[in-house]
Novice: 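The structure's right below; bear with me while I get my questions together.
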There are 2 protein chains.
Amino acid sequence: MTITIKDVARKANVAPSTVSRVIANHSTISTKTKEKVRAVMEELGYYPNVNARNLVNNHTNVIGVIMPSATYAPFHNPFFPEVLRGITTQANEQRYGLYLSTSQTDLDILEEVKEMVYSRRVDGIILLYSTVADPVIDFLLDRSFPFVVVGQPPEQLKESVFFVNNDNVKAAKMVTEYLLLLKHERIAFVGGRQDAFVTIDRKNGYIEALEASGIQIDESLLVYHDEIFEGGEKAVIELMSQKNPPSAMIVTDDLMALGVLRMLFSMNVSVPDDMSVVSFNNVLMSKLSTPPLTTLDIHIHELGYKAAQMLRQCILDPKASPKSHIVNHHLIRRATSKTFNGMSI
Amino acid sequence: MTITIKDVARKANVAPSTVSRVIANHSTISTKTKEKVRAVMEELGYYPNVNARNLVNNHTNVIGVIMPSATYAPFHNPFFPEVLRGITTQANEQRYGLYLSTSQTDLDILEEVKEMVYSRRVDGIILLYSTVADPVIDFLLDRSFPFVVVGQPPEQLKESVFFVNNDNVKAAKMVTEYLLLLKHERIAFVGGRQDAFVTIDRKNGYIEALEASGIQIDESLLVYHDEIFEGGEKAVIELMSQKNPPSAMIVTDDLMALGVLRMLFSMNVSVPDDMSVVSFNNVLMSKLSTPPLTTLDIHIHELGYKAAQMLRQCILDPKASPKSHIVNHHLIRRATSKTFNGMSI
DNA sequence: CTGAAAGCGCTTACAG
DNA sequence: CTGAAAGCGCTTACAG
């Protein structure tokens with residue numbers, strides 16, 4: 001029923017090997033033969049069986065994309081759809097396919113990755129998360145399997161791993177300096193998962209900026225929460241119930257900032273008049289909030305696009321030495337930041 | 001280097017065929033042999049090559065997921081990540097893999113789908129969009145390839161296609177009735193793409209409800225826009241500049257409703273005091289807006305989950321007659337809807 | 001209960 | 001420039 005290379009060979013009066021060669025567009029095949037064979041392929045509606053092809057070629061032209069486990073509700077954060085979009089764009093250009101992980105727990109992820117590589121399902125892997133200790137990275141490294149991480153690998157592996165990232169330290173430093181220039185001095189830091197590098201790096205940037213301007217770090221102004229939205233609300237409660245609350249808040253995620261905004265609103269703290277809020281990511285809805293968020297655009301789409309591009313090089317030249325790419329960022333000033341008004345709340 | 005079935009056969013002193021049978025857990029193999037072989041597989045770290053296996057089995061245990069073309073910025077709408085999550089959950093339970101489309105244009109989609117089926121990349125397909133005339137559906141039907149659409153197939157194909165959907169007519173009718181009970185009489189309808197069935201069905205439900213309560217349809221109150229967010233803003237301008245503006249708006253998408261809210265806010269029209277707004281989908285951020293949206297929850301996750309489940313049946317029994325599944329909906333009352341206050345704005 | 005053999009649909013040295 | 005043959009790593013009738 002399904003038509004194979006033999007069928008077109010027969011009809012075109014050539015050997016199967018010849019058909020195979022015109023598919024691969026070998027230069028040794030005469031133009032005449034190519035045309036003849038192509039006409040027959042067209043006529044018969046021939047499509048190569050990728051499974052047979054993958055078997056002999058020992059590669060698949062598909063890349064595996066590993067999402068964080070469902071535990072962290074990745075799909076609730078627009079960051080992931082957006083990187084995915086970047087990856088998709090580049091994969092499409094390269095004519096690579098995309099195979100998506102389905103793991104629901106952290107433990108499953110390792111298993112799924114192993115299956116992908118051992119079973120030869122994919123030619124390379126993109127990791128959409130990065131935490132301090134990740135067995136997946138160790139495994140991939142050990143197998144010398146092509147992969148790139150979006151985010152930052154553990155410090156001691158920075159030389160051995162391909163990755164694309166933002167300079168989150170610098171970015172957070174800049175955001176903090178911006179707030180300092182706006183005359184804020186009590187600036188709070190609201191972060192996410194403490195074992196995630198984004199959180200750590202951004203906290204460090206924040207601290208660097210404060211120290212550089214001679215401001216003493218007040219530990220009570222640093223608050224962390226895992227939950228993407230409710231975390232923001234909780235943070236506000238903790239911060240505002242202090243004797244000397246901050247006049248500005250740096251929030252490491254737009255969604256969390258929405259939680260912050262909501263809670264502030266319900267407490268009748270006016271943004272930006274009584275409180276400045278600056279967040280990160282510039283996700284679509286950061287401009288839809290009331291008021292629209294001042295946020296740091298980290299060019300999420302580009303993170304994904306570059307990752308796919310880098311992975312391709314890494315697949316093509318497996319012994320290439322690890323590279324990294326730092327994606328730019330820029331501040332989007334909208335309506336949640338303002339000069340300190342001097343009043344205490 | 002890579003270890004195959006032959007290697008374990010040799011080491012276990014059995015034939016390759018026997019190894020294959022213990023992998024498949026054939027009942028004909030003695031427990032003793034099974035144990036022996038499994039021990040060797042474990043020891044050698046054997047994993048089957050899926051490409052070889054797929055080639056002979058002529059199936060792959062992976063399902064293809066087709067996103068709308070990038071033109072409609074699917075990843076900007078949280079609907080898609082959420083269905084994807086539902087699909088992922090079910091696929092993981094069934095031990096199916098996920099292959100994601102990467103097409104950037106409508107035209108590409110057909111090509112990509114053809115490639116998926118002819119090349120035997122996937123065993124079945126889930127279509128994440130549904131429009132009035134879709135060559136993809138025709139193609140799939142023609143090839144009798146297993147597929148299910150999330151949303152609604154064209155009317156004349158309803159008997160021939162597997163699909164999971166909401167009862168959007170009923171849902172919109174209910175939403176409209178809710179507003180009518182709140183004493184609103186001039187209720188506007190703000191829809192998305194006019195060739196999308198969601199839009200059409202919801203409009204029909206709206207009309208049904210109005211007619212049933214004897215209210216004359218005012219065409220100037222029906223407005224459509226393609227752009228997910230800006231569309232909402234434009235709609236407000238059109239609606240509010242009328243001599244006799246509405247006191248309530250039904251918006252077919254939460255994101256669009258955010259646009260609506262923003263524009264209303266900038267025009268100093270207070271929600272819900274001077275204007276009620278009810279939307280659809282109950283996407284995460286609908287509760288993060290100010291004020292939080294009254295919206296119709298359509299159980300997006302379940303749409304995806306059921307679609308994957310149905311696809312599986314459809315793959316297992318290809319000659320089964322087409323089924324459909326209607327997912328429930330329910331109204332989430334939050335802060336954007338209120339009894340008509342009798343004042344004209 | 002298990003083995004030998006053929007075959008899935010390709011590709012790629014090796015000849016000519 | 002093209003063909004015949006072997007092989008990729010599995011599975012599954014067919015024997016025994």
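Convention: sequence-line order gives letters A, B, ...; per-chain numbering from 1.
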Novice: OP1 or OP2 of dT2(D) sitting under 4.0 Å from any side-chain N/O of Ser30(A)?
Specialist: yes

Novice: Any side-chain donor-acceptor pair under 3.5 Å between Asp123(A) and Thr60(A)?
Specialist: yes

Novice: The test is salt bridge (charged side-chain N to carboxylate O under 4.0 Å, His left out); show your working for Glu82(B) and Arg85(B) and say whether it passes.
Specialist: CA-CA 5 Å; Glu82(B) 185 67 8; Arg85(B) 206 169 62 80; 3.0 Å; yes

Novice: Output one letter per nucleotide in nucleotides 7-15 of chain C: B when a protein non-hydrogen atom lies under 4.0 Å from the base, S when only the sugar-phosphate is that close, - when neither is.
Specialist: -BBBBBB--

Novice: Yes or no on side-chain contact (heavy atoms from CB on, under 4.5 Å) for Val117(A) and Leu140(A), after CA distance, side-chain angles and deciding distance?
Specialist: CA-CA 9 Å; Val117(A) 348; Leu140(A) 259 9; 4.0 Å; yes

Novice: Ring centres of Phe163(B) and Phe197(B) under 6.0 Å apart?
Specialist: no

Novice: Please report, rounded to the nearest Å, how far the C1' atom of dC1(D) is from the NZ atom of Lys36(A).
Specialist: 12 Å

Novice: Does any nucleotide pair with dA15(C) by Watson-Crick or G-U wobble geometry, both distances under 3.5 Å, and what is it?
Specialist: dT2(D)

Novice: Any side-chain N or O of Thr33(B) below 4.0 angstrom from OP1/OP2 of dT2(C)?
Specialist: yes

Novice: Less than 3.5 Å apart, any donor N or O on the side chain of Arg38(B) or Asn25(B) sitting next to an acceptor on the other?
Specialist: yes

Novice: What's the verdict on side-chain contact (heavy atoms from CB on, under 4.5 Å) for Ile109(A) and Ile66(A), showing C-alpha distance, side-chain angles and the deciding distance?
Specialist: CA-CA 8 Å; Ile109(A) 292 185; Ile66(A) 314 295; 3.7 Å; yes

